[in-house]
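Worth saying up front: this structure is predicted, and the values here are computed from it rather than measured.
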Amino acid sequence: MQCIRIQVVRGRAYRSSDGWQVYGGAGDGGIDWAHPLTGRRMPFWPDAMGMVGHLLGGHGMGPHLDSVRPDGHLEGTHLLDEHLYPAAAMAFEVGPFVFGRFRFAVATEDAAGNVVTAGVVVHSCVVNSSPPPAFDLRPTGQDDATGRMSFSFTPSERLSG
């Protein structure tokens, strides 16, 4: 049995109210676009209030942008990099699966529930989890007339009972 881990990287293009959903199939190579595997919209920014922009609350006011405060807040590339927008990877795990060709896609969804599935990248994964092998193979006898040996073993737990 194997679980599949899907990682979604959030970037600056998404607002705090945007989210994502994972869509997949049942191992037949298709994707069920009507029923997401996540069950609910996963927010890109779970720790931020919805629709609160970076430049609210005086962050873009004149004294902040054209002066250097003693803490060095505007030194270096403060206004050129992804300030306050950490590009982090969020993970979602599906499974466990035993056998099949599974396809997954991550679609974005806004706060109103509009899902964008056009142009999403579909990833495929083949799972072939064969049962564990038998163990404790040992000889139990030999036929002197034919020269054949007999063996005994303990079968795999998933194949017995």
Side-chain angles (χ1 to χ4, degrees), residues 1-133 135 156-161:
M1 299 180 89
Q2 177 181 341
C3 290
I4 298 173
R5 186 175 178 89
I6 300 167
Q7 290 191 314
V8 178
V9 178
R10 66 180 179 189
R12 190 175 190 160
Y14 301 107
R15 297 186 306 197
S16 59
S17 60
D18 293 336
W20 51 276
Q21 294 264 26
V22 176
Y23 293 87
D28 57 357
I31 292 183
D32 181 6
W33 292 104
H35 303 95
L37 299 175
T38 46
R40 63 177 177 82
R41 180 177 61 89
M42 308 296 285
F44 280 108
W45 305 97
D47 51 352
M49 294 176 53
M51 302 299 289
V52 173
H54 176 66
L55 297 179
L56 296 179
H59 192 79
M61 296 176 71
H64 180 79
L65 294 177
D66 63 1
S67 65
V68 177
R69 301 228 190 326
D71 63 357
H73 189 65
L74 294 180
E75 291 178 358
T77 59
H78 174 74
L79 297 178
L80 301 176
D81 61 5
E82 296 280 327
H83 176 64
L84 298 182
Y85 287 97
M90 297 166 288
F92 181 75
E93 195 168 274
V94 292
F97 301 110
V98 176
F99 180 80
R101 179 175 178 239
F102 298 91
R103 298 176 70 198
F104 300 98
V106 177
T108 57
E109 181 178 343
D110 63 11
N114 300 315
V115 179
V116 178
T117 58
V120 299
V121 177
V122 177
H123 298 278
S124 292
C125 182
V126 176
V127 176
N128 185 8
S129 300
S130 58
F135 57 95
S156 169
E157 292 179 8
R158 280 197 259 163
L159 294 179
S160 60

Between CG on residue Asp28 and CZ on residue Arg103, distance to nearest 0.5 Å: 9.5 Å

Within-4.5 Å side-chain heavy-atom neighbours: Trp20 and Ile6: no

Are Val115 and Trp33 close enough, and set up right, to give a side-chain contact (heavy atoms from CB on, under 4.5 Å), and what steps lead you there? CA-CA 10 Å; Val115 179; Trp33 292 104; over 6 Å; no

Return the minimal non-hydrogen interatomic distance between Tyr23 and Ala107, and the atom names on each side. CE1-CB, 3.8 Å

Nearest heavy-atom pair of Cys3 and Gly95: which atoms, and what distance? SG-C, 4.1 Å

Between Gln21 and Arg41, which heavy-atom pair has the shortest distance, and what is it? NE2-N, 3.4 Å

Are Phe92 and Val106 packed together at the side-chain level, in the sense that at least one heavy-atom pair is separated by less than 4.5 angstrom? no

Kindly compute the distance separating SG (Cys125) from CZ (Arg101), expressed to the nearest 0.5 Å. 10.5 Å

Which heavy-atom pair separates Ala91 from Arg5 by the least distance, and what is that distance? CB-NH2, 3.2 Å

Can you tell me how far apart CD (Glu109) and OG1 (Thr117) are? Round to the nearest 0.5 Å. 11.5 Å

Are the side chains of Gln2 and Phe97 in touch, meaning some heavy atoms are under 4.5 Å apart? no

Which residue in the set Ile31, Val122, Leu37 passes side chain to side chain contact (heavy atoms under 4.5 Å, CB included) when paired with Phe104? Leu37

